2 protein chains.
Amino acid sequence: MVFNIIHAKQIFTDFLRKGSYRVTSERSEVLEFAFKQVQHFSADELFLAMKNEGSNVSRATVYNTLELLVKCGILSKHNFLGKESRYEKNLGAIEHDHLICVNCGKIIEFDNAEILKIQENICEKYGFVAINHSFITYGFCKNPDECKTNGKD
Amino acid sequence: MVFNIIHAKQIFTDFLRKGSYRVTSERSEVLEFAFKQVQHFSADELFLAMKNEGSNVSRATVYNTLELLVKCGILSKHNFLGKESRYEKNLGAIEHDHLICVNCGKIIEFDNAEILKIQENICEKYGFVAINHSFITYGFCKNPDECKTNGKD
DNA sequence: TTCCTAAATTAGATTTAGTCTAAATATCAA
DNA sequence: TTGATATTTAGACTAAATCTAATTTAGGAA
């Protein structure tokens, strides 16, 4: 569980030192910008947002650093319906999960503590240490009126 | 639950007719080839396999038809670690889920009936009809010796 | 503190998955 | 059988992500 930017910086620095990666100003910058995002974001969106605010960190470094932030548990990475990868902060105890309508594309987020329990059991069974997860149920809206397009797309 | 190719063809044809899509020989061919795959496969892999066996169905049609097969529940679609989308047959009652090591890339498949129950409850709550799901836990192998690369990649 | 080497960063080229286009073809309701 | 329109097609295109090779930098060693 990551609680705030100070804590996240600590975790990230520890992770880098432990893995004999180097602590660089670019990596710190990416972490800071990632933490500023209120919602989930793609690597390119973050890169452009940073550029827009005067940062000179390159696209490649943004992509690389986001992967490191996933590996050390600060961010989660999701792939919705084969679109570009989206990242989000991994704050607090419960990571939220997603329902996605294959008809209208609507995304419903929900929290479920049971899923985390199952995850713990599975990891125990397979000798695995969980960092984060992605649980996506694909389906469609039961009520056709709520299904925005109701089309075939 | 889809049981075999005959059953899958039935489901697909019903789905197409209901949605006033057309039943075409290309769509049947894609279904047949998808069913022949023993493991999960990408859209492009299927396209090339079909081409290789003399099929003339185009790449665009393969991509489109796979999406239809997901929509009608015959296939599941997963995105592992931001790689290309992979499809697999949705056979039997339990869809398997995945543990992925962010260090060595190992993929462990497991079955868990509880996850399906949770999914049912969630869908009930949000007025949603599930077709299939993708549950991926990212983490790392507890035993370093089992972690193939144990490196930074 | 300075030096040195391997790691990291960079801009931009490249690759790759997937989508789009507009012309040709095929389905299926009437 | 016919005709409106859905589908298919090859290949162009787009966007995400990775790669490259030159340059810069971190941080351990002296």
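Computed from heavy atoms alone, side chains included, the values below leave out hydrogens, waters and symmetry copies. These figures come from a predicted structure and were not determined experimentally.
The separation between B:Leu68 atom CG and D:dA6 atom P is 14 Å, rounded to whole Å. D:dA26 atom C1' lies 16 Å from atom CD of A:Glu29, rounded to whole Å. To the nearest angstrom, P of C:dA8 lies 9 Å from CG of A:Leu16. At whole-Å resolution of the value, CZ in B:Phe12 and P in D:dT7 are 10 Å apart. For the pair B:Leu48 CG and C:dG18 C1', the computed distance is 14 Å after rounding to whole Å. Rounded to whole angstrom, the span from the CG atom of B:Asn79 across to the C1' atom of C:dT16 amounts to 15 Å. Between the P atom of C:dA17 and the CD atom of B:Glu67 lies a distance of 15 Å, rounded to the nearest Å. Between the OH atom of A:Tyr63 and the C1' atom of C:dT15 there is a distance of 13 Å, given to the nearest Å.
Ranked by how close their nearest DNA chain C nucleotide is to the 5' end, B:Tyr87 and A:Phe47 are led by A:Phe47.
Checked against C:dT9, C:dA17, D:dT18, the side chain of A:Arg27 finds its nearest nucleotide in C:dT9.
Using modelled atom types and a 3.5 Å distance limit, the side chains of A:Asn79 and B:His78 yield no donor-acceptor pair. Of the N and O atoms on the side chains of A:Ser58 and A:Thr61, at least one donor lies less than 3.5 Å from an acceptor on the other residue. Side-chain contact check for B:Thr137 and A:Gln119: at least one donor-acceptor pair (N or O, by modelled atom type) lies under 3.5 Å.
A salt bridge is absent between B:Glu114 and A:Lys117; no separation between the charged side-chain nitrogens and carboxylate oxygens falls under 4.0 Å. A salt bridge is absent between A:Glu120 and A:Lys125; no separation between the charged side-chain nitrogens and carboxylate oxygens falls under 4.0 Å.
Under the side chain to side chain contact (heavy atoms under 4.5 Å, CB included) criterion, A:Glu29 pairs with A:Phe33, A:Met50, A:Ser55, A:Val57, not counting sequence neighbours. Take B:Thr65 and apply the side-chain hydrogen bond (donor to acceptor under 3.5 Å, both in side chains) test, not counting sequence neighbours, and it matches no residue. For the salt bridge (charged side-chain N to carboxylate O under 4.0 Å, His left out) test, no residue two or more places apart in sequence or in another chain qualifies with A:Glu109.
Neither OP1 nor OP2 of D:dT18 sits under 4.0 Å from any side-chain N or O of A:Arg59. An OP1 or OP2 oxygen of C:dT10 is reached within less than 4.0 angstrom by a side-chain nitrogen or oxygen of A:Thr61.
End-to-end axis angle for the helix from C:dT1-D:dA30 to C:dA30-D:dT1, using five pairs per end and rounding to 10°, comes out at 40°.
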Indicate every side-chain donor-acceptor pair of residues 38-45 of chain A with a distance under 3.5 Å to a residue at least two apart or in another chain.
from    : atom 1 : to      : atom 2 : distance (Å)
A:His40 : ND1    : A:Arg86 : NE     : 3.0
A:Ser42 : OG     : A:Glu45 : N      : 3.1
A:Asp44 : OD1    : A:Arg59 : NE     : 2.9
A:Asp44 : OD1    : A:Tyr63 : OH     : 3.0
A:Asp44 : OD2    : A:Arg59 : NH2    : 3.0
A:Glu45 : OE1    : A:Ser42 : N      : 3.2
A:Glu45 : OE1    : A:Arg86 : NH2    : 2.9
A:Glu45 : OE2    : A:Arg86 : NH1    : 3.4

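When heavy atoms are screened at a 4.0 angstrom cut-off, A:Asn56 is found touching the sugar-phosphate backbone but no base atom.
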note = Its contact letters, B for base, S for sugar-phosphate only and - for none at protein heavy atoms under 4.0 Å, make nucleotides 21-30 of chain C read -----BBS--
